[in-house]
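Everything on this sheet refers to the single structure shown next.
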Amino acid sequence: MSSPLLHRTGEPLSATELTALRLDGLLVEVGEAFVPADVPETPALRLASLAPLVRPEHVVSGPTAAWVHGAGDRPPLRCHVRPHGDRRLRAPAHGRLVLHEGVVPPTDLQVMGGLRVLTVTAAMVDLARTDHVPGSRSWLSVLAAMHPAEVREAVARLAAHERLPGKRTAIRVLEAVYEEVTRYTS
């Protein structure tokens, strides 16, 4: 997605000029770009800011999908993606992208500006299934606090799978996060 609101280094301003505008309070950083300070930070804008890292055959997943949907104020240091479709992708040449295996069904996708991201529910399932990875629980907790109803949907989606590695553990993680989130909102 190319947006007149997004300013990237060298398009046409240099990194020095963009940083000066940020220091003056005119721009703020959003992902891999800068935007005017008075522009609301929407999921579409967050996803569009990742365009230099995400290719059309990628689906933004895991912690990066959680950030796109509003969890946290800064994206994870590395952008997490899955392949779109059943085609296997090669590992990226740079260390800023983490490529995960697994086919993403069309029902788990949201498309904004030509880029794909997991839905909120699918991102919760993804994070719960990777709870053993440092930081996954934190992203899941923040996302669940923003979308508590989606946690129940994520549990139901996992329970519907007959065979899925880590299913029971992921359900327990989601139930614990739901209990934690609802304890403070009730």
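Since this is a predicted model, take the numbers as computed values, not measurements.
In this structure a side-chain-to-backbone donor-acceptor pair under 3.5 Å is missing from E179 to A176. When atom types are taken as modelled, the side chain of T42 and the backbone of L45 share a donor-acceptor pair closer than 3.5 angstrom. Checked by atom type and distance alone, the side chain of D108 never pairs as donor or acceptor with a backbone atom of L118 at under 3.5 Å. A side-chain donor-acceptor contact under 3.5 Å links S141 to the backbone of R137. H58 places a side-chain N or O within 3.5 Å of a backbone atom of R55 that can act as its donor or acceptor partner. Looking only at distances, a side-chain donor or acceptor of R78 sits under 3.5 Å from a matching main-chain atom of G95. In terms of modelled atom types and a separation under 3.5 Å, the side chain of T121 and the main chain of A154 share no donor-acceptor contact. Although no hydrogens or angles enter the test, the distance criterion places a donor-acceptor pair under 3.5 Å between the side chain of T130 and the main chain of D126. The closest donor-acceptor contact from the side chain of T64 to the backbone of H80 lies under 3.5 Å.
For the pair R152 and Y178, the cation-pi criterion (under 6.0 Å, within 45° of the ring axis) is fulfilled.
The two residues R157 and T119 make their nearest non-hydrogen contact at NH1-OG1, 4.4 Å. Taking all atoms of both residues into account, the shortest heavy-atom contact from E17 to L13 is OE1-CA, 3.3 Å. Nearest approach of L127 to A66, heavy atoms of both residues: CD1-CB, 3.9 Å. The two residues C79 and V54 have their closest heavy-atom pair at SG-CG2, 3.8 Å. Smallest separation of non-hydrogen atoms from A170 and R129: CB-CG, 3.9 Å. Here the closest non-hydrogen pair linking A33 and S49 is CB-CB, 4.1 Å.
Residues R116 and V104 are not in side-chain contact: their nearest non-hydrogen atoms beyond the backbone lie 4.5 Å or more apart. Annotation: side chain of V117 is not in contact with side chain of V59 (no heavy-atom distance under 4.5 Å). A 4.5 Å side-chain heavy-atom check between E175 and I171 finds at least one atom pair inside the cut-off.
The residues R46 and E41 are annotated as salt-bridged, a charged nitrogen and a carboxylate oxygen being separated by less than 4.0 angstrom. Salt-bridge check for R8 with E32: failed, with every basic side-chain N at 4.0 Å or more from each acidic carboxylate O. Contact check on R172 versus D131 returns no salt bridge, with no Lys/Arg side-chain nitrogen under 4.0 Å from an Asp/Glu carboxylate oxygen.
Note: L27 CG to R22 CZ = 9.5 Å, rounded to the nearest 0.5 Å. If you take CG on L18 and CZ on F34, they are separated by 5.0 Å, rounding to the nearest 0.5 Å. Here the straight-line distance linking atom CG of L26 with atom NE2 of H7 works out to 10.0 Å at 0.5 Å rounding. Rounding to the nearest 0.5 angstrom, the gap separating the OG atom in S138 from the CG atom in L143 is 12.5 Å. In this structure, E153 CD and L158 CG are separated by 10.0 Å, a value rounded to the nearest 0.5 Å. Rounding to the nearest 0.5 angstrom, the gap separating the CZ atom in R163 from the NZ atom in K167 is 10.5 Å.
Hydrophobic cluster membership is shared by L6 and V28, with clusters built from Ile, Leu, Val, Met, Phe, Trp and Tyr side chains linked at under 4.5 angstrom. W67 and V142 fall into different hydrophobic clusters, where Ile, Leu, Val, Met, Phe, Trp and Tyr side chains are chained together by heavy-atom contacts under 4.5 Å. Using a 4.5 Å cut-off between side-chain heavy atoms of Ile, Leu, Val, Met, Phe, Trp and Tyr, with links allowed through other members, L97 and L50 fall into the same hydrophobic cluster. Cluster membership check: V35 shares its hydrophobic cluster with M112, using side-chain heavy-atom separations under 4.5 Å among Ile, Leu, Val, Met, Phe, Trp and Tyr. Clustering ILVMFWY residues whenever any of their side-chain heavy atoms sit less than 4.5 angstrom apart, transitively, puts V30 in the very cluster that holds L5.
Under the 3.5 Å distance criterion, with hydrogens and angles disregarded, no donor-acceptor pair is assigned to the side chains of H147 and H69. The closest side-chain donor-acceptor pair between H100 and R82, if any, does not fall under 3.5 angstrom.
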Practice task
Please assess L140 against V173 for the test side-chain contact (heavy atoms from CB on, under 4.5 Å), listing each intermediate value before the final yes or no.
Solution key: CA-CA 9 Å; L140 178 58; V173 166; 3.7 Å; yes
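In the displayed structure, L77 atom CG is contacted under 6.0 Å by at most 12 heavy atoms of other residues, nucleotides or ligands.
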